[in-house]
Student: 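Dropping the structure in here first, questions after.
Every heavy atom of this structure was used, including side-chain atoms; hydrogens, water molecules and symmetry mates were not.
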There are 2 protein chains.
Amino acid sequence: MASEVRVQDRAAPLAVVRRGVHSQSEEAYLRIRDRILTLDLPPGSLVHEARLREELAIGRTPIREALQRLAHEKLVRSVPHRGTFVTDVNITDLARITEVRVVLEGHAARLAAERCTAADRVAIRELLASLSIGASDQRELMRMDQAIHRQIYRSARNSFLESTLERYFNLSLRLWYLVLDRQVRLREAVEEHVALLNAILAGDGDRAEQTMRTHVTGFEREIRAALVER
Amino acid sequence: MASEVRVQDRAAPLAVVRRGVHSQSEEAYLRIRDRILTLDLPPGSLVHEARLREELAIGRTPIREALQRLAHEKLVRSVPHRGTFVTDVNITDLARITEVRVVLEGHAARLAAERCTAADRVAIRELLASLSIGASDQRELMRMDQAIHRQIYRSARNSFLESTLERYFNLSLRLWYLVLDRQVRLREAVEEHVALLNAILAGDGDRAEQTMRTHVTGFEREIRAALVER
DNA sequence: CCCGGCGATATGCCGGCGATATACCGGTCG
DNA sequence: CGACCGGTATATCGCCGGCATATCGCCGGG
C-alpha cells in the first residue's frame with residue numbers, strides 16, 4: 001500500500017465533486033432537464049441557447065449535446081433555424097406515455113418481486129419506513145415516489161428496462177409538476193406504494209404487477225382530472 | 001420565374017440524396033448504425049473516429065453526435081480518453097432485451113389491432129401478400145420481419161412507443177445478424193406473422209398480443225440456441 | 001524485476017464561419 | 001388606399017478544425 005494517493009486530492013480541478021465525475025455535457029443535460037421538468041422552462045417556451053450558455057457559463061458544444069439528448073427524449077423539439085422549444089404537453093401525450101408506463105412499470109414490478117436481492121430488500125424496507133412517517137408536502141411526496149420507482153427499476157435487474165423507464169418517468173414527472181398547485185388526492189398513492197413494496201418483498205410477482213398497473217393508471221387519472229380542469 | 005436555379009446544382013455535393021434531407025449527423029448516425037447492426041463493425045471492436053471521418057468524408061462533429069446517440073441506445077460504449085467500442089453481446093443482454101420486447105411488442109400489437117385505420121389495413125394486406133410469395137433468402141426475410149414490425153409500431157398510434165420499440169428492434173436485429181450463417185428455423189416465424197397480421201386485421205387485440213408474445217419469445221429461443229452453439 | 005517518466009492517442013470543449021430560413025420593410029400594382 | 005411581393009437584415013444552426021487534458025503503453029533506469 002505504498003502508493004496511497006487519495007483520490008479527492010488529485011481530481012477536483014474546480015469545486016463540485018458531487019458523486020462521480022460530471023462532464024460539462026452531462027452537467028448541462030441534468031440542469032436543463034431539471035429546469036424543464038420543474039417547469040422553470042415552461043412547455044412551449046423557446047430554449048435560448050445563448051442565454052443558457054451564459055447562465056451555465058459553459059461553451060456551445062455541451063449545450064448543443066444536452067439539447068440533442070433532450071430532443072431524443074422528446075423533452076424539447078428542435079426546429080432547424082427556428083429555435084429549440086420545450087415540448088408542449090397535452091392530454092394525448094399523457095395518455096400515450098401512460099400507455100407505455102403501465103405495461104413497462106408493471107413488468108418491472110413483477111421482475112423486482114421475482115429477483116430482488118437481500119440488499120434490495122433492505123433498501124425497500126427503508127423506503128417503507130420513510131413511508132410510514134408520511135410526507136409533509138407534495139414535493140416530499142414526489143421525491144418519495146421517485147425513490148420508490150427508481151428502486152424498483154434497479155431491483156428489476158434489467159439495465160435496458162431501467163434506462164427506458166427512467167426516461168418515461170421523467171416525462172411523467174413534468175406532468176406532475178404541471179398540476180402541482182392543484183391538490184391532487186394522493187393518500188391512495190401512498191397506500192398503493194405500501195402494498196406495492198410489500199408485494200415485492202413477498203415475492204408475489206402477480207400482485208406486484210397488478211398493484212403497479214393500478215398505481216400508474218390512478219396517477220394518470222389524477223393528473224388528467226387536474227389537467228382538464230385547468 | 002427569373003431566378004431559375006436548379007436545386008440539383010447547388011446542393012448534392014456527393015451523390016446520395018435519398019429521400020428527404022439528411023443532415024450529416026443523421027447520415028453518419030444511420031451509416032454507422034448500419035455497420036454495427038450488420039456486424040461490419042463487430043461487437044467489441046474499437047470504433048476509430050478518425051477512420052470514420054475519412055471514410056464518410058465529414059468532420060468530427062457529426063461523427064461525435066452520431067456516436068453519442070449510439071451510446072445512448074447502448075449500441076456503443078464510450079470510455080473517456082480510451083476510445084469508443086461497439087457494445088459486446090451476450091446471452092444475458094439477449095434475455096434482457098427480449099424481456100422488454102415481449103411486453104412492449106405485445107402491447108403494440110394489441111393497440112394496433114384496436115386502432116388500425118383503413119390505410120393501415122391496406123398496408124397490412126400488402127404485407128400479407130408479400131408474405132404469401134415467401135422469402136428467397138434470410139436477408140429478405142429479415143427485411144420482411146422489419147417491415148411488419150415497423151408497420152405494427154405505426155399502427156399502434158403511439159409515437160413514444162414507436163420510437164422506443166424502434167430502438168429495441170435494432171438491438172435485436174444485430175443479434176439476428178450474429179447468427180445469420182446458422183440456418184435458424186423460420187418457417188414458424190412466417191406463419192406467426194400471418195396469424196399476427198390477421199389478428200390485427202380482425203381487431204382481435206388479445207389474440208394479436210398473444211401471438212406477438214409467442215413470436216418474440218420464439219425469436220429469442222432461436223437466437224439463443226444459435227448463440228450458445230457457437 | 002519493478003517503477004517512474006515520456007510519447008502517443010483520443011477525448012472534451014471551444015469559438016468561428018458559412019449557410020439558411022424567417023422577419024421586416026419599402027415599393028409597386030390592383 | 002390597401003395588399004402583395006421582392007430584397008435585405010437578422011438570428012440561428014450545422015459544421016469545422018484546433019487546443020488543452022487525461023489515460024495508456026512503452027522503455028529505460030534503478
Side-chain angles (χ1 to χ4, degrees), chain A residues 1-17 20-32 41 45-72 76-86, chain B residues 1-14 16-17 20-32 41 44-72 76-86:
Chain A
M1 312 312 169
S3 64
E4 192 174 18
V5 180
R6 291 194 312 180
V7 187
Q8 290 90 332
D9 292 335
R10 31 194 296 240
L14 287 180
V16 185
V17 199
V21 187
H22 279 295
S23 72
Q24 286 181 100
S25 293
E26 183 80 6
E27 187 71 23
Y29 166 75
L30 290 174
R31 292 184 64 173
I32 300 174
L41 291 173
S45 69
L46 173 68
V47 180
H48 214 286
E49 178 183 302
R51 205 180 309 272
L52 285 173
R53 209 174 84 174
E54 65 184 19
E55 283 180 16
L56 303 185
I58 53 182
R60 207 149 69 95
T61 306
I63 290 188
R64 255 184 77 71
E65 290 174 352
L67 289 181
Q68 282 182 359
R69 199 166 153 191
L70 291 167
H72 288 132
V76 304
R77 176 152 185 253
S78 188
V79 191
H81 301 103
R82 286 293 306 273
T84 303
F85 301 87
V86 179
Chain B
M1 312 310 174
S3 62
E4 192 174 20
V5 180
R6 291 195 310 181
V7 187
Q8 290 91 331
D9 292 334
R10 28 197 298 243
L14 286 180
V16 185
V17 197
V21 187
H22 281 296
S23 72
Q24 287 180 96
S25 292
E26 184 79 5
E27 187 70 23
Y29 166 74
L30 290 174
R31 293 185 62 173
I32 300 175
L41 291 173
S45 68
L46 173 67
V47 180
H48 214 283
E49 179 183 302
R51 204 178 312 270
L52 286 173
R53 210 173 81 173
E54 64 183 19
E55 282 180 18
L56 304 185
I58 54 182
R60 209 149 69 94
T61 306
I63 290 188
R64 254 185 77 74
E65 290 174 354
L67 290 181
Q68 282 182 359
R69 201 167 153 190
L70 291 167
H72 289 132
V76 304
R77 177 152 183 255
S78 189
V79 190
H81 301 104
R82 285 291 305 274
T84 302
F85 301 86
V86 179

Student: May I have the distance from A:E49 (atom CD) to D:dC13 (atom P), rounded to whole angstrom?
Tutor: 5 Å
Student: D:dG14, OP1 or OP2 - any side-chain N/O from B:Q24 closer than 4.0 Å?
Tutor: no
Student: Given C:dG12, C:dC13, D:dC15, which nucleotide is nearest the side-chain atoms of A:S25?
Tutor: C:dC13
Student: Can you work out whether A:G83 or A:T61 has the more 5'-proximal nearest nucleotide on DNA chain D?
Tutor: A:G83
Student: Tell me the interatomic distance from A:R64, atom CZ, to C:dG12, atom C1', rounded to whole angstroms.
Tutor: 15 Å
Student: I need the CD1-P distance between B:I63 and C:dA10, as an integer number of Å.
Tutor: 13 Å
Student: B:H72 vs A:R69, test: side chain to side chain contact (heavy atoms under 4.5 Å, CB included). Steps then yes/no.
Tutor: CA-CA 9 Å; B:H72 289 132; A:R69 199 166 153 191; 3.2 Å; yes
Student: Please state how far atom CG in A:L56 lies from atom P in C:dC13, giving the value in whole angstrom units.
Tutor: 13 Å
Student: Starting at the 5' end of DNA chain C, which residue's closest nucleotide do you reach first, B:T84 or A:P62?
Tutor: B:T84
Student: Over how many whole Å does the gap from A:L67 atom CG to D:dC15 atom P extend?
Tutor: 15 Å
Student: Heavy atoms under 4.0 Å, any strand shown: does A:S78 hit a base, just sugar-phosphate, or nothing?
Tutor: nothing
Student: Side-chain contact test, heavy atoms from C-beta onward, threshold under 4.5 Å: evaluate it for B:T61 versus A:T61 and give yes or no.
Tutor: no
Student: Quick check: do A:R64 and B:E65 have side-chain heavy atoms less than 4.5 Å from each other?
Tutor: yes
Student: Of the options C:dA21, C:dT22, D:dT23, whose atoms approach the side-chain atoms of B:R82 most closely?
Tutor: D:dT23
Student: Report the nucleotide, chosen from D:dT12, D:dC15, D:dC16, that has the shortest atom-to-atom distance to any side-chain atom of A:H48.
Tutor: D:dT12
Student: Mind checking the CZ-CG spacing from A:R31 to A:L56? Nearest 0.5 Å is all I need.
Tutor: 4.5 Å
Student: Give the rounded distance in Å between these two atoms: CD of B:E54 and P of D:dC16.
Tutor: 14 Å
Student: Do you know which of A:V47, A:T84, A:I32 makes side-chain contact (heavy atoms from CB on, under 4.5 Å) with A:L70?
Tutor: A:I32
Student: Within this structure, what is the CD-to-P distance between B:Q68 and D:dC15, rounded to whole angstrom?
Tutor: 14 Å
Student: Considering only side-chain heavy atoms of A:H81, which listed nucleotide, D:dC16, C:dA21, D:dT21, is closest?
Tutor: C:dA21
Student: Rounded to whole angstroms, how far apart are CD on B:E26 and P on D:dC13?
Tutor: 17 Å
